[in-house]
J.: 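I have a structure here, written as structure tokens, and I will follow up with some questions on it.
By convention in this document, chain letters (A, B, ...) are assigned in the order of the sequence lines, proteins followed by strands, and residues within each chain are numbered from 1.
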Number of protein chains: 2
Amino acid sequence: MTRPETDPTPQDDAARAGWLYYVAGMTQDQIATELGVSRQRAQRLVSKAISDGLIQVRLNHRIGACMDLEQALQHRFGLQRCRVAPGLGAGADPARAIAVAAASELERYLRQPDPLTIAFGTGRALRAMVEQFNPSGPCPHKIVSLLGNIAPDGSATLYDVISRIAERLNATYYPMPVPVISDTAQEREFFMHLRPVRNVYELARKADVTFVGVGQMGADAPLALDGFVSAEVMAELQEQGATGEIASWVYDARGRYIDSPRNALVGGVRVEPGQSQPVFGVAAGASKIKAIYAAIQGRIINCLVTDEPTAKALLAQD
Amino acid sequence: MTRPETDPTPQDDAARAGWLYYVAGMTQDQIATELGVSRQRAQRLVSKAISDGLIQVRLNHRIGACMDLEQALQHRFGLQRCRVAPGLGAGADPARAIAVAAASELERYLRQPDPLTIAFGTGRALRAMVEQFNPSGPCPHKIVSLLGNIAPDGSATLYDVISRIAERLNATYYPMPVPVISDTAQEREFFMHLRPVRNVYELARKADVTFVGVGQMGADAPLALDGFVSAEVMAELQEQGATGEIASWVYDARGRYIDSPRNALVGGVRVEPGQSQPVFGVAAGASKIKAIYAAIQGRIINCLVTDEPTAKALLAQD
DNA sequence: CCACCAAGCGATGAAATGCTCAATCGCTTC
DNA sequence: GAAGCGATTGAGCATTTCATCGCTTGGTGG
């Protein structure tokens, strides 16, 4: 044999210490004894092994991939928070997938002892969220709606979220008794000047935390499906660059609200870009990718709950 | 266990906690706050993540001493490949130590784009290996078992490796539906002449790469522990010079398969000596030294994954 | 040859972790 | 409906780990 032993090498010790610590599960002074060094030195070796990247930890679970995506999204887009739920596979409703994750985000705020104002938009995703969340304990918070609850035909709008939440929480809640979209500017003005409306409006505008769905444009747009926008107006909006919609306010591919007579008729609060309070976008699905991307770019939302395929697609946007 | 329903999260929480702890480097009460649970619960989740094997640790550094041993073993015994993992210290299961190294060898082949046939034996070491490997990307390979999967009591054998691998890879796999050891030569003949069995047999025999464990003889022999061989037969075999066993085929101290009625009843493929395709022996531990040494001498295996103490002991054999 | 500087070392105290135990909760059974 | 049983929980405590500090050592330049 050439050499009976290679020198007690520099970084080898660190690797060995890290191995004994993480794989063998030894305690640091066991390692110290094993290697014949002091405890402190063993501790330094272990920490060196980590900082030098000698030790790689991975999570052998689907959730692991999701959490990697969360970190990537947070970092890439500067989001305050991000949750990625495992995908349900093709064919399933993506809203189901993200409902639980969204609910747990909501619960984080509901658990707070100090009274908060929590504002909600509407939509399938939020509706799925409220089906999933579990009220626990008393609720000192105010539940506020971001948008009107009067549909064009006078019915309560589909996917009304807020009353469901408030009902299950037993909390005071503030719906917004205005048309989702008024017929005329005068009508909108009239409603928006009513004192109770102004009150709710102010509450919602200053909410401590906001949850919204994200709507895409096109024939399958929620706005179109629910009859708020005719096919002609939709086409017109898209010509103007409309890419998505949050609380019925339409924005372009860079997340800037577009300057359209249509937007001027929307009742309720427009979520302003660049807020410091958390604004959660709760949305997933292939058709929504561009709309979500734009909303993030424009800083309309600063927190995101989505599913795995959507997260991957967002990261793949250039 | 596949879970089509993602709604309630049983072990997902453990995964999440483990990720936050090991990957994000959070402290346990930060995790507790994050997940909205008590500090103790967070600690329990993290420890569950470890005990469930959700956390995978890899050493990204070849320790010099181990590399020296690898080279020495390769040179001395003319091995195609050799990997030596650092020892875990006395008392620990050596299979754990070599699992990661073995997994990374396996992954080298799985990454190959062209379809390969990969054959597997059974045993604790291989089982530990499959727990550690990480499937990545699609798998065009064929996963074949070297030996039968029918135990004497009719149950699926302990330490079944192949189904686990295939399950995680989503690859087509070929178990061998014959008894590990038949009661009579006639029974063996019957099984081995079945067409599907012949098919699997031929696949395994010509595998592009093979992974096997190495069993020792004696009271602590895997064959004895799993009830394939009674104490009397074991004693008899040892009198005939039996030193080790690969895929249930028993060989002597020089690695030559012994000519025993017992060997004639083994179902499945006998790994032939002197193959040009790689045959990996994955084994470590003081009790296995002679068996490994013999298998190498007889050229039954031509690649080795073992741990440091075992490697040293092998080199110390005369 | 000495003074100085940098790097590494061990020690101490504070924080974090993991373990045990008693109490509770939920479920089954009588 | 009550009692029993097992699993789960939270609290306290012992252990382990981590960060900061002053000291020693070894090397360098004057």
Side-chain angles (χ1 to χ4, degrees), chain A residues 6-61 63-64 67 100 104 107-108 110-113 134-138, chain B residues 1 3 5 7-61 63-64 86 88-93 96:
Chain A
T6 319
D7 284 350
T9 47
Q11 190 172 51
D12 281 9
D13 287 332
R16 191 175 290 275
W19 172 266
L20 291 173
Y21 189 69
Y22 284 103
V23 182
M26 292 171 77
T27 181
Q28 289 185 350
D29 49 5
Q30 285 177 296
I31 296 171
T33 311
E34 180 85 17
L35 299 181
V37 298
S38 71
R39 297 191 188 98
Q40 297 82 344
R41 174 129 186 78
Q43 133 78 2
R44 280 185 178 106
L45 286 172
V46 172
S47 92
K48 179 178 168 63
I50 299 166
S51 66
D52 288 7
L54 268 40
I55 296 289
Q56 231 180 35
V57 184
R58 265 195 297 187
L59 188 56
N60 200 10
H61 195 272
I63 295 291
M67 304 204 58
V100 178
S104 90
E107 286 168 13
R108 290 183 66 234
L110 294 175
R111 271 197 302 269
Q112 306 266 342
N134 261 320
S136 64
Chain B
M1 176 168 35
R3 48 181 56 266
E5 298 176 18
D7 295 356
T9 49
Q11 164 182 70
D12 289 4
D13 286 333
R16 193 169 288 276
W19 191 92
L20 291 171
Y21 189 70
Y22 285 103
V23 184
M26 290 172 75
T27 181
Q28 290 185 352
D29 45 7
Q30 285 178 296
I31 296 171
T33 311
E34 178 79 21
L35 299 180
V37 299
S38 70
R39 194 163 47 75
Q40 298 85 333
R41 176 135 186 76
Q43 132 77 1
R44 281 186 178 107
L45 286 172
V46 172
S47 97
K48 179 178 168 62
I50 299 168
S51 67
D52 287 8
L54 269 39
I55 297 291
Q56 267 185 7
V57 182
R58 284 198 180 199
L59 185 56
N60 244 359
H61 184 262
I63 295 176
L88 288 182
D93 179 10
R96 282 246 328 281

J.: Supply the atom-to-atom distance B/E34 CD to A/S104 OG, rounded to the nearest 0.5 angstrom.
T.: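 If I round to the nearest 0.5 Å, the distance is 9.0 Å.
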J.: So do the side chains of B/L20 and A/M67 get within less than 4.5 Å of each other, counting heavy atoms only?
T.: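 A side-chain contact under 4.5 Å exists here.
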J.: Give the rounded distance in Å between these two atoms: CZ of A/R44 and P of C/dA7.
T.: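 Value for this atom pair: 14 Å.
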J.: Taking OH from A/Y22 and C1' from D/dT16, how many angstroms apart are they, rounded to a whole number?
T.: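 These atoms are roughly 13 Å apart.
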J.: Please report, rounded to the nearest Å, how far the P atom of C/dC9 is from the CG atom of A/D13.
T.: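 So the two atoms are 10 Å apart, to the nearest Å.
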J.: Let me know the distance between NZ of A/K48 and C1' of C/dC9, rounded to the nearest Å.
T.: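 One finds 15 Å between C1' of C/dC9 and NZ of A/K48, rounded.
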J.: Counting only heavy atoms and a strict 4.0 angstrom limit, can you tell me which residues of residues 27-40 of chain B come near DNA chain D?
T.: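 Nucleic-acid contacts, sorted: B/S38, B/Q40.
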J.: Can you tell me how far apart CZ (B/R39) and OG1 (B/T27) are? Round to the nearest 0.5 Å.
T.: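 Output value for this atom pair is 9.0 Å.
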J.: How many Å lie between CG on B/L45 and C1' on D/dT8, as a whole number?
T.: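 So the two atoms are 12 Å apart, to the nearest Å.
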J.: Which heavy-atom pair separates B/L45 from B/A17 by the least distance, and what is that distance?
T.: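 Closest heavy-atom pair between B/L45 and B/A17: CB-CB, 3.6 Å.
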J.: Which angle, rounded to 10°, do you find between the first-five-pair axis and the last-five-pair axis of the helix from C/dC1-D/dG30 to C/dC30-D/dG1?
T.: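 That helix gives 20° between its end axes.
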J.: OP1 or OP2 of D/dT16 sitting under 4.0 Å from any side-chain N/O of A/Y21?
T.: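 Checking A/Y21 against D/dT16: no side-chain N or O falls below 4.0 Å of OP1 or OP2.
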J.: Given side chains that start at C-beta, do those of B/I55 and A/Y22 come closer than 4.5 Å, heavy atoms only?
T.: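 They are not in contact (no side-chain heavy atoms under 4.5 Å apart), so the answer is no.
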J.: Would you find a donor on one side and an acceptor on the other, under 3.5 Å apart, between the side chain of A/W19 and the backbone of B/P86?
T.: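 Yes, A/W19 side chain to B/P86 backbone: donor-acceptor pair under 3.5 Å.
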J.: Quickly work out the A/Q43 CD to D/dT17 C1' distance and round it to whole Å.
T.: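 My rounded result for the distance is 6 Å.
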J.: Give the rounded distance in Å between these two atoms: CZ of A/R41 and C1' of C/dG8.
T.: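 Taking CZ of A/R41 and C1' of C/dG8, I get 8 Å after rounding.
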J.: What's the CE-C1' distance between A/M26 and D/dT15, to the nearest Å?
T.: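 After rounding, the reported distance stands at 16 Å.
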J.: For the CD1 atom of A/I31 and the CG atom of A/D13, what is their distance to the nearest 0.5 Å?
T.: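 CG of A/D13 is found 12.0 Å from CD1 of A/I31.
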J.: So, taking the atom named OG1 in A/T33 and the one named CD in A/Q28, what distance separates them when rounded to the nearest 0.5 Å?
T.: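 Answer for the OG1-CD pair, A/T33 versus A/Q28, is 12.0 Å.
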J.: Under a 4.5 Å cut-off applied to non-hydrogen side-chain atoms, are B/K48 and B/L54 in contact?
T.: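 No. Closest side-chain heavy atoms not under 4.5 Å.
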